[in-house]
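The structure displayed is predicted, hence computed values, not measured ones.
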Amino acid sequence: MRFLSRRLVMPSDLNYANALFGGRAMEWIDEEAAIFVTCQLETNCLVTKHIGEITFESPALQGDIVEFGLETKSVGRTSITVSCLVRNKATKKTICLADDIVFVTLDPETRKPTPHGKSIEGLKKQTEKELKSLNL
């Protein structure tokens, strides 16, 4: 799993118990997953079709830095399924896991599902090439 971005938990992100509001975490997960998939498929013409189970395990508090780990689970003809793990940057404790996030690519004109032409093997090679170019 690659941890690609971070967010600072601010007062406006808190619920009545002074912990990260679950709805805000879900908003961030959808946005981070969409960015990840856009980079994987090299298109921004896609939509979130489904978000499976989200399991909350520990709270994030004001001032915590949370980081988002994403990985591709499967690739279909018009879809891609990813998982997102949100964890505390300092403690590495899992805050929540969103599994089976499905995105579908769309034709920009008809807005109908369209094949993206990618495979899981091709995406792995694409990632390896990307990492080499970054010297990671």
Side-chain angles (χ1 to χ4, degrees):
M1 185 163 290
R2 294 173 54 203
F3 286 84
L4 300 168
S5 68
R6 300 176 180 124
R7 299 228 183 183
L8 176 64
V9 179
M10 301 290 287
S12 61
D13 302 321
L14 304 178
N15 62 18
Y16 68 91
N18 287 320
L20 178 62
F21 180 58
R24 178 75 70 204
M26 290 168 51
E27 175 187 347
W28 289 350
I29 288 166
D30 189 34
E31 181 180 359
E32 294 296 332
I35 292 168
F36 178 75
V37 169
T38 294
C39 293
Q40 291 280 290
L41 300 182
E42 301 174 303
T43 180
N44 64 357
C45 198
L46 48 88
V47 293
T48 308
K49 178 178 172 118
H50 172 83
I51 298 178
E53 182 175 274
I54 300 177
T55 307
F56 291 89
E57 296 186 19
S58 65
L61 306 175
Q62 181 178 331
D64 285 350
I65 296 171
V66 299
E67 57 185 358
F68 300 83
L70 292 129
E71 70 180 355
T72 303
K73 291 185 71 179
S74 64
V75 177
R77 193 174 65 82
T78 64
S79 66
I80 183 170
T81 303
V82 300
S83 288
C84 180
L85 177 72
V86 183
R87 71 182 185 187
N88 183 300
K89 171 73 173 115
T91 66
K92 304 298 188 227
K93 283 181 76 172
T94 296
I95 295 163
C96 64
L97 173 68
D99 209 11
D100 295 328
I101 307 169
V102 180
F103 290 88
V104 174
T105 54
L106 300 178
D107 180 278
E109 292 179 20
T110 66
R111 307 298 290 175
K112 302 263 186 214
T114 188
H116 49 64
K118 301 283 184 168
S119 68
I120 192 90
E121 296 81 16
L123 290 177
K124 285 179 185 176
K125 287 178 185 172
Q126 179 180 315
T127 298
E128 287 171 15
K129 185 178 175 184
E130 203 175 285
L131 290 173
K132 283 181 184 174
S133 74
L134 297 171
N135 292 321
L136 296 176

Say you draw a straight line from CD1 of Ile35 to CG of Leu70; how long is it, rounded to the nearest 0.5 Å? 9.5 Å
What verdict does the side-chain contact (heavy atoms from CB on, under 4.5 Å) test give for Lys89 and Phe3, after you've listed the backbone C-alpha separation in whole Å, the side-chain angles of each residue and the deciding distance to 0.1 Å? CA-CA 10 Å; Lys89 171 73 173 115; Phe3 286 84; over 6 Å; no
Looking at Glu27 and Arg24, is there a salt bridge between them, counting it only when a charged N and a carboxylate O are closer than 4.0 Å? yes
Are Val102 and Trp28 connected in the hydrophobic side-chain network, where two residues link if heavy atoms are under 4.5 Å apart? no
Looking at NZ of Lys49 and OG of Ser79, how far apart are the two atoms once the value is rounded to the nearest 0.5 Å? 8.0 Å
Donor-acceptor under 3.5 Å (His116 side chain, Gly76 main chain): yes
Would you kindly confirm whether Val37 and Leu97 end up in one hydrophobic cluster when ILVMFWY residues are joined by side chain heavy atoms under 4.5 Å apart? no
Heavy-atom count check: over 12 atoms from other residues, nucleotides or ligands less than 6.0 Å from Lys112 NZ? no
Could you tell me the separation between the CG atom of Asp100 and the NZ atom of Lys73, rounded to the nearest 0.5 Å? 3.5 Å
Linking I/L/V/M/F/W/Y whenever any side-chain heavy atoms sit under 4.5 Å apart, do Ile29 and Ile65 land together? no
Are Phe21 and Val9 connected, step by step, through hydrophobic side chains (Ile, Leu, Val, Met, Phe, Trp, Tyr) whose heavy atoms are closer than 4.5 Å? no
For residues Ile101 and Cys84, determine if any side-chain heavy atom of one lies less than 4.5 Å from a side-chain heavy atom of the other. yes
Once you round to the nearest 0.5 Å, how far does CG of Asp99 lie from CD1 of Ile54? 10.0 Å
Check: Ala17 main-chain N/O paired with Asn15 side-chain donor or acceptor under 3.5 Å: yes
Spell out, as yes or no, whether a donor-acceptor pair under 3.5 Å connects the side chain of Gln126 to the backbone of Gln40. yes
Donor-acceptor pair, Thr105 side chain versus Leu46 backbone, under 3.5 Å? no
For Phe68, the option from Arg7, Glu31, Arg6, Met1 that meets side chain to side chain contact (heavy atoms under 4.5 Å, CB included): Arg7
Return the CG to CG distance between Leu61 and Asp13, rounded to the nearest 0.5 Å. 12.0 Å
Neighbour count above 12 (heavy atom, 6.0 Å) for Phe56 CZ: yes
One thing to verify: whether Glu57 and Arg87 come together as a salt bridge, which I'm taking to mean a side-chain N less than 4.0 angstrom from a carboxylate O. no
Say you draw a straight line from OG1 of Thr78 to CZ of Phe103; how long is it, rounded to the nearest 0.5 Å? 13.5 Å
